[in-house]
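Report on the following structure.
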Amino acid sequence: MAENRSKMMLLLIIMAAFATTTVGSTDSWVRRRLLLIGGTVNGRPMKKTVVVAKDRTGNFTTITEALGAAPARGRYGIFVKAGVYEETVNISRHNVVLWGEGIGKTVITGSRSCAKGKNNTDMPWTATVTVIGHGFIAQDITIENKAGPTGTPAVALRCDSNKALIHRCRIEGHQDTLWAQNNLQVYLRCDIAGTIDFVYGNAKAIFQHCRLLVRNPGNGKHNAITAQGRDDPTSEESGFVFQGCNITAMEGESLAGVDTYLGRPWKNHSRVVFMGCYMTDIINPDGWVHWNREAPVEQTTRTVEYLEYGNTGAGAKTRDRVKWKGVRVITAAEANRFTVDHFINGDQWLPNLVNGQQINYTHGLN
C-alpha cells in the first residue's frame, strides 16, 4: 500500500508539472523530456514552464522572448534545449528557474567588453547574463563571454539575486568572468574559468565543489582569482567562501611564467576563505597580492580577512604566505562559521530538489 501511494504521488506531481507546461502539440520529444525532468522545485510544479529551442520545436527561439512571456508571479521555468544562444539575457523577474541539457550543450554566449578606462560605467553592459530578480536558479547551462584576454573587463554572469543557486553550470571568460554582485548566493559543482579577478563582487557567496579554472592573461600579467568587495569591517553581509573546490589551470592553457594568486583586495575589508580545497602548483607561494603589485597600499593589508583551513596540494602550503595581519590559517571551530548552514543559513532556503535533481551540498566542514 505504501509503495502504491508513493507511485500515485509521483504520478500526480508529473501530471501537475505537465499541466502547467506550455509546449507545441506536435513536439512529443519535448513532452517526454519535460515529463522526465519534472519542471519542479522541491516536488512542487512551477507556475508555468516554457521551452526555448533554436530549431523552433519549443515555444520560443530565444531566452529573451521567453522572459517576456512570464506570468506576473510564481516560479517560472525556462527549459533551454541544446544549442548556442547568442544573446544578452537580462532577468529582472523574481523566481526564474533557467535550465538546459548540460554544460557545453546549452550555451548562452556573448562577447562584450569594456573600453579602456570605462570600467565603472561599462562593466554592467558587458555581462552576457544579468540577474537582478531574487530567488534565481540556474542548472546545467554554460554562460560565457568570448571577449579575449585583452586586459579589459568582460563579464559572463552578473548576479545580484538574493538566495540564488547556480548548480552544475559553467561560467567562462577571461577578466571579471563572474560578478557575484550582492546578496546570498551559492555556486554548487560549477566550473568557473578566467584570468584577472575572475570571481569578484560584494556578495555573501559560497562556492562548493567547484572547479576554478585559471587561464593565461597574456602580456606578462598576473592572475588573481578573487577580488572581493567588502568595505565595511562590521558587515556580515559580504564575503566569499570556497569549500571543497579544485584550483587548477584550464584545459589546454599554459601558465608557465604566470603568477597566480588566491586573491587581491578590491576593497579595504575584503574577506575570502578557502577551506578543504585542492590547490595545484599554479598558486604563487605568497598566496595573496596587493591590488596594485607595483604600488602597494599598506593600509589595505592591515584590514583584509584572508583565511585558509585544511587545504591540500602543492599550492596550499602556507609557510611563505604574505605576512599581512589578516592572512592566517584558522581552526576547525573558526572554519565552521563559514559553512553553508552557518554563513548563509542555507538550510533555511536552499532547495533539496530542482527538476528531479538532488541538490547535494555539504552542510558542515565534511
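Computed from a predicted model, the values in this text were never measured in an experiment. Nothing fancy with the numbering, it's 1 onward along the sequence.
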Review point. Other hydrophobic cluster members with Ile132, side-chain heavy atoms of Ile/Leu/Val/Met/Phe/Trp/Tyr under 4.5 Å, chained?
Key: none

Practice item. Return each pair, listed once, that meets side chain to side chain donor-acceptor pair (under 3.5 Å) where at least one residue sits in residues 305-318; pairs must be two or more places apart or across chains. Key: Ser270-Tyr306, Trp288-Glu308, Glu308-Arg321

Review point. For Tyr261, which fellow cluster members are found when Ile, Leu, Val, Met, Phe, Trp and Tyr are connected by side-chain heavy-atom distances below 4.5 angstrom, either directly or through intermediates?
Key: Val289

Exercise for review: Only pairs at least two apart or in different chains count here, so list each salt bridge (Lys or Arg N to Asp or Glu O under 4.0 Å) that has a residue in residues 337-363.
Suggested key: none

Exercise for review: Mind checking side-chain contact (heavy atoms from CB on, under 4.5 Å) for Ala127 and listing every partner two or more places apart, or none if nothing turns up?
Suggested key: Thr130, Val155, Arg158

Check your understanding: What residues, two or more places apart in sequence or in another chain, satisfy side-chain contact (heavy atoms from CB on, under 4.5 Å) together with Arg189?
Key -> Arg168, His209, Asn360

Which pairs would a plain distance check flag for residues 273-282, meaning a side-chain donor or acceptor within less than 3.5 Å of a matching protein atom at least two apart in sequence or in another chain?
{"unit_1": "Thr280", "atom_1": "OG1", "unit_2": "Ile247", "atom_2": "O", "d": "3.0"}

Check your understanding: Quick one: side-chain contact (heavy atoms from CB on, under 4.5 Å) partners of Trp266, sequence neighbours excluded?
Key -> Tyr200, Ala227, Trp291

Review point. In the hydrophobic cluster built from side-chain contacts under 4.5 Å, what are the other members alongside Leu213?
Key: Met250

**Study point:** Sequence neighbours excluded - salt bridge (Lys or Arg N to Asp or Glu O under 4.0 Å) pairs with any residue from residues 327-336
**Key:** Arg328-Glu334

Exercise for review: Please collect all side chain to side chain donor-acceptor pair (under 3.5 Å) contacts where either partner lies in residues 249-259, sequence neighbours excluded, each pair once.
Suggested key: Arg211-Glu251, Arg215-Glu253, Asp259-Asn284, Asp259-Arg293

**Study point:** Residues that Arg73 engages under side-chain contact (heavy atoms from CB on, under 4.5 Å), provided they are two or more places apart
**Key:** none

